[in-house]
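What follows is a single structure, written as structure tokens, with notes after it.
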Amino acid sequence: MARILGISGSLRAKSYNTALLNAAVALQPAGTQIETASIRGIPLYDGDVEEREGIPASVSTLKKRIEQSDALLLVMSRGEKSRGWIPSKFFQYLGTGNPVLALAPEGEVRDILARLGVKSLDDIIGRATPNVTDWQYLNLNYVAKAHIDQDACIKCGRCHIACEDTSHQAITSMVDGVRHFEVIEAECVGCNLCVNVCPVENCITMEPLAVGVMDQRTGKPVSPIYANWTTHPNNPMAKVAAE
Ligand code: SF4
Ligand code: SF4
């Protein structure tokens with residue numbers, strides 16, 4: 001049973017954040033136990049007070065509950081984050097290492113929708129559904145290669161391990177005796193795995209090859225023709241697959 005501790009970033013009884021948290025509790029799936037805690041009585045972080053008097057009792061109590069849980073579910077608005085003590089000071093105080101499951105900033109959702117020119121959530125709900133298809137109808141002639149931004153890379157090596165062990169051994173770990181992570185285009189099959197494991201946002205991107213450009217892996221130019229698993233000549237069972 002996964003024990004999750006949910007904390008609302010607001011003290012108001014009618015806060016949307018608290019309502020969202022209550023909804024999460026009401027809808028929790030089997031095998032999960034969401035308990036709630038409040039930030040009421042948690043003082044602003046003050047290193048001097050801590051040095052002089054130790055950690056306040058209200059903080060110790062909440063800290064203990066966090067330590068006893070498997071994960072945190074934080075529901076707070078952007079305003080609460082920008083006050084500066086959530087999450088940085090707040091969690092510095094609590095000294096927690098538990099994974100934070102989710103952050104639901106009301107304000108940011110509104111901003112993202114505004115940037116996209118979307119007036120209401122109803123305008124976008126379900127919009128991606130027509131793009132979902134059975135894997136066998138994906139275009140096999142679509143080619144994309146991973147690309148690593150060397151300025152952003154922190155050389156953690158996760159992409160190399162993921163590609164080496166699970167995909168196509170297409171990422172270097174050492175070049176000329178120096179730790180260096182770079183995609184070997186002639187090996188990359190565009191599986192996207194490295195993007196999923198990289199901890200740095202936008203450090204690895206998938207770059208599509210334009211029609212006519214030589215794919216170094218196959219030695220053939222990218223075809224403009226849509227061909228899926230039921231039609232592509234590479235599949236000797238295409239006819240059977242189509243049936
Ligand atoms: S996309 Fe796949 S094959 Fe290409 S480098 Fe990343 S993990 Fe390796
Ligand atoms: S996972 Fe990302 S940050 Fe880490 S070595 Fe690979 S590209 Fe660099």
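Remember, it's 1-based here, ligands and their atoms both numbered in the order they're listed. Quick note: numbers below take in every heavy atom, side chains included, and nothing from hydrogens, waters or symmetry partners.
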Tell me whether the count of non-hydrogen atoms from other residues, nucleotides or ligands lying under 6.0 Å of NE2 in H232 goes above 12.
yes
Within the 4.5 Å heavy-atom criterion, are [X] and [Y] side-chain neighbours or not?
X    : Y    : result
L21  : L73  : yes
M206 : V195 : yes
S38  : S8   : no

Working to the nearest 0.5 Å, report the span between CD1 of I7 and OG1 of T18.
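If I round to the nearest 0.5 Å, the distance is 11.5 Å.
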Can you list every side chain to side chain donor-acceptor pair (under 3.5 Å) pair that touches residues 163-177, not counting sequence neighbours?
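Passing the test, one end in residues 163-177: no pairs.
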Of all the heavy-atom pairs spanning A162 and L193, show the shortest one and how long it is.
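Heavy-atom minimum between the residues: O-CD2, 3.6 Å.
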At a cut-off of 2.8 Å, protein N/O/S around atom 6 (Fe) of ligand 2 gives C159 SG
Less than 4.0 Å is my threshold; does some heavy atom of G190 fall inside it relative to ligand 1?
yes
Going by the 4.0 angstrom heavy-atom rule, the piece of S167 near ligand 1 is side chain
Can you sort out which atoms of ligand 1 are near [X], meaning under 4.0 Å from one of its heavy atoms?
X    : result
N192 : 1 (S), 2 (Fe)
C188 : 1 (S), 3 (S), 4 (Fe), 5 (S)
C163 : 3 (S), 5 (S), 7 (S), 8 (Fe)
C191 : 1 (S), 2 (Fe), 3 (S), 7 (S)

For residues 17-40, the salt bridge (charged side-chain N to carboxylate O under 4.0 Å, His left out) pairs (sequence neighbours left out) are R3-E35, E35-R65
Can you pull the salt bridge (charged side-chain N to carboxylate O under 4.0 Å, His left out) pairs that have at least one residue in residues 192-220, sequence neighbours excluded?
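Applying salt bridge (charged side-chain N to carboxylate O under 4.0 Å, His left out) to every pair that reaches into residues 192-220, excluding sequence neighbours, yields K145-D215.
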